[in-house]
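Let me begin by presenting the structure, written as structure tokens, before commenting on it.
So you know, we letter chains A, B, ... as the sequences are listed, proteins then strands, and number each from 1.
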Number of protein chains: 2
Amino acid sequence: MKLPTETFYNLPEAKQQAIIEAAVAEFAASPYDKASLSKIVAKAGIAKGSMYQYFENKRELYLYILDLAYAQKKRFLKDVFDQADDFFATLKRYYRRSYLFAKEFPLYHKIINHYWDYCAEFEEEIRTSRELRANDFLTMLQQAIENGQVNPELNQEAAFFVYHSVGKELIDNFIELSETDQAQHLQFIDAVLDVLAEGLQIRKE
Amino acid sequence: MKLPTETFYNLPEAKQQAIIEAAVAEFAASPYDKASLSKIVAKAGIAKGSMYQYFENKRELYLYILDLAYAQKKRFLKDVFDQADDFFATLKRYYRRSYLFAKEFPLYHKIINHYWDYCAEFEEEIRTSRELRANDFLTMLQQAIENGQVNPELNQEAAFFVYHSVGKELIDNFIELSETDQAQHLQFIDAVLDVLAEGLQIRKE
DNA sequence: TCGAAAGGTGACCGGGTGGTCACATAGTTA
DNA sequence: TAACTATGTGACCACCCGGTCACCTTTCGA
């Protein structure tokens, strides 16, 4: 069960929003372990007992909020994989769009980031998420190999590992985003992906 | 001041070791925030008050233990950069040796890993450590470019970013090490570094 | 031998946590 | 209006934390 109770949905819209807003703010500010339920209920202006009528416990509240964040991100990135013709162009689109998501929904972005920072509480969930990502990536990679875009001789697991690591860190660093140099950020993303595509080693042709 | 007090050094060797061992175990099991001083003193078999005669506070104890871990790692990796002729070979040596360090000193390895997982308490320290690493890497990279090993056209900041991210994740994953497949692990490290060296894009020659 | 200094102790402090429950209130139905 | 249910409440619970301090014990030099 990771749904709020019926009681929560019966609440007036404004109150629901106040609770969600307070929880989002707190889970964006601190990872699950350090986030404080007491602070959330204080900010939302409700009693602690009430919260336990809406959500089974802290964990369920968190998962609900996390779902909101992920739903928004999924919506935001929906069309990135639509024309999956060019492997490298698609990856660039993906990370550029992720950056824009972080700018537009910084709190959701932070919540998702905190979730990926390893936390014992969600070890299993994270592992399965990672495997899903791996499958998606490897499917794309296969197709790119068939298209003749990607070197068929490389270790595909290693390739996923590299993209996963770099992507994670890349998105982590979106936190330090300043208004002005958006163009610079986007260029850096491209530069990083170029390094991954071309490799460091000089090409003897 | 990040030294233990004189009182600590006056302690009989065995007692010092008991304290260090208990602290190492705790800081390996949990990151700084979640590590418990109470558990450490309990495991070491001393009173909490005593601990505060040896170390100013939890932070100083932690930094002392962290230093022990880093000193051991430095000793272990001492000769990796001795023959820095081949850029890619050196990097492989570095990560392979790091893996062996993780196998030989798993607790120290975990302590260092926990430290690098972003934690507000040590934000500054981590940032400066990262800058030092960046400088070292960029120096090596420069030399490799001059040697004709590395493509001079790539964005060097991006290259560091890529190596830093992948290295971090690679070393993180050493935690799940099983006795038998050491060879397999070392091969995977090589595979990952090959991906970084050669890139994913197919080479048209 | 005695007294001062150094070392060791654990109950205690203030503050935090997630979670509970007896009670108060509001809403609805008969 | 009365009875009953659904909702709201915050004092309270047990448990943890890092850190302190008045007191006790040991050591050691005069």
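Rounded to an integer number of Å, the gap from B/Met51 CE to D/dG18 P is 11 Å. The separation between B/Gln16 atom CD and C/dG7 atom P is 13 Å, rounded to whole Å. Look at OH on A/Tyr52: it is 16 Å from P on D/dG10, rounded to the nearest Å. Regarding A/Lys39, its NZ atom lies at a distance of 18 Å from the C1' atom of C/dG19, rounded to whole Å. Between the CD1 atom of B/Ile40 and the P atom of D/dC17 there is a distance of 10 Å, rounded to whole Å. Remark: C1' of D/dC17 and CG of A/Asp33 are 15 Å apart, rounded to the nearest angstrom. Put simply, CZ on B/Arg59 is 18 Å from C1' on D/dC17, counting in whole angstrom units. As a whole-Å value, the separation of B/Asn10 CG from C/dG7 C1' is 10 Å.
In terms of polar N and O atoms assigned as donor or acceptor, the side chain of B/Lys58 never comes within less than 3.5 Å of the base of D/dG19 in a complementary pairing.
Checking each of B/Tyr99, B/Phe101, B/Tyr94 against B/Phe76 for a ring-ring contact (aromatic ring centres under 6.0 Å, His included) leaves exactly one that passes, namely B/Phe101.
Applying the salt bridge (charged side-chain N to carboxylate O under 4.0 Å, His left out) rule to pairs touching residues 17-31 of chain A yields nothing, sequence neighbours excluded.
A/Phe137 and A/Tyr163 have tilted rings, their planes meeting at an angle from 30° to 60° on a 0 to 90° scale.
Contact annotation for B/Ser50: base contact, defined as any heavy-atom pair under 4.0 Å involving a base atom. Using a 4.0 Å heavy-atom cutoff across all strands shown, A/Ala35 reaches sugar-phosphate atoms only and no base atom. Residue B/Tyr54 is classed as a sugar-phosphate contact, given heavy-atom separations below 4.0 Å to backbone atoms only. B/Lys34 comes within 4.0 angstrom of no nucleic acid atom, judged by non-hydrogen atoms across all strands.
In the set D/dC17, D/dG10, C/dG19, the nucleotide with an atom closest to the side chain of A/Asn57 is C/dG19. Comparing C/dG8, C/dG19, D/dG18 by their closest approach to the side chain of A/Leu37 singles out C/dG19. Of the candidate nucleotides C/dG8, D/dC17, C/dT20, D/dC17 has the atom lying nearest to any side-chain atom of B/Ser38.
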